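Residue numbers count from 1 along this sequence. Order of listing sets the numbers, starting from 1, for every ligand and every atom in it. In this text, all values refer to a predicted model and were calculated from it rather than measured experimentally.
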Amino acid sequence: MAEQPTSPMLLPLADGIVPQEVVARTEKRWLTAMTVVLILMMVVVVLTSTVGALHPASNVEVVQPLTLHLGGEFAESNLGTALEPDGSATVRLIAEQYDFVPHCVQVPVQTPVKFRLTSADVVHGFLLPNTNVNTMVVPGFVAEVRTQFRQVGEYNMPCHEFCGLGHHGMWTHVIVVDRDVFAGLGPFERTRCGHK
Ligand code: CUA
């Protein structure tokens with residue numbers, strides 16, 4: 001009778017066990033496929049962020065969420081839309097359970113607009129449908145996104161990050177108006193839309 005090999009590695013494979021070479025070959029194929037998919041995804045991310053002007057959440061700018069109302073950039077008198085000396089507009093908003101403050105802002109059309117937001121409590125989301133504006137609003141940090149509105153109109157501004165029981169009701173508006181109309185607005189209309 002032939003002598004049995006002592007190492008289990010040398011024993012013939014039982015039925016149904018795939019040989020090591022086949023496993024290695026298959027794994028290499030999957031590895032190649034995964035690498036190709038990863039490269040494709042990277043290309044898509046780079047392309048969409050340049051062509052669509054998407055904003056990766058990259059500006060690490062900290063702020064103290066407990067004292068927003070006491071002073072500094074997000075004090076109540078600074079909220080809403082402000083015109084910069086270069087003609088662009090900056091909109092400052094606070095997201096909190098369950099509203100954006102101010103509840104409505106007006107911005108001029110065909111003007112670079114920079115939104116600066118922070119949260120007073122939990123993580124919220126800030127989205128303007130059909131624009132490149134889409135960011136999370138994290139307490140302790142300032143979220144900054146830039147855009148430019150091509151047409152006048154009204155944009156809904158839903159919170160799109162679950163933030164508690166009232167999340168579904170956390171909506172507000174951005175009203176885009178002609179530049180001449182905007183220039184004629186007083187601070188109350190710019191920061192509160194007057195009637196809203
Ligand atoms: Cu705020 Cu959801």
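Seen from atom 2 (Cu) of ligand 1, atom SG of Cys163 and atom SG of Cys159 lie 120° apart in angle, a value rounded to 10°.
Within Glu161, the N, O or S atom at minimum distance from atom 2 (Cu) of ligand 1 carries the name O. Considering just the N/O/S atoms of His124, the one nearest atom 1 (Cu) of ligand 1 carries the name ND1.
Crowding of Glu76 atom CD: a count of heavy atoms from other residues, nucleotides or ligands under 6.0 Å not exceeding 12. For CG of Leu165, the number of neighbouring non-hydrogen atoms (other residues, nucleotides, ligands) closer than 6.0 Å is 12 at most.
In this structure, OG1 in Thr118 is found 9.5 Å from NE2 in His124, a value given to the nearest 0.5 Å.
Counting backbone and side-chain atoms alike, His167 contributes no N/O/S atom closer than 2.8 Å to atom 1 (Cu) of ligand 1. Coordination check, Met170 versus atom 1 (Cu) of ligand 1: passed, since an N/O/S atom of the residue sits under 2.8 Å.
With Phe149 as reference, Leu128 is the one residue of Val133, Thr111, Val177, Leu128 to meet the side-chain contact (heavy atoms from CB on, under 4.5 Å) rule.
Using a cut-off of 4.0 Å between Lys/Arg side-chain N and Asp/Glu carboxylate O, Glu84 and Lys114 are scored as not salt-bridged.
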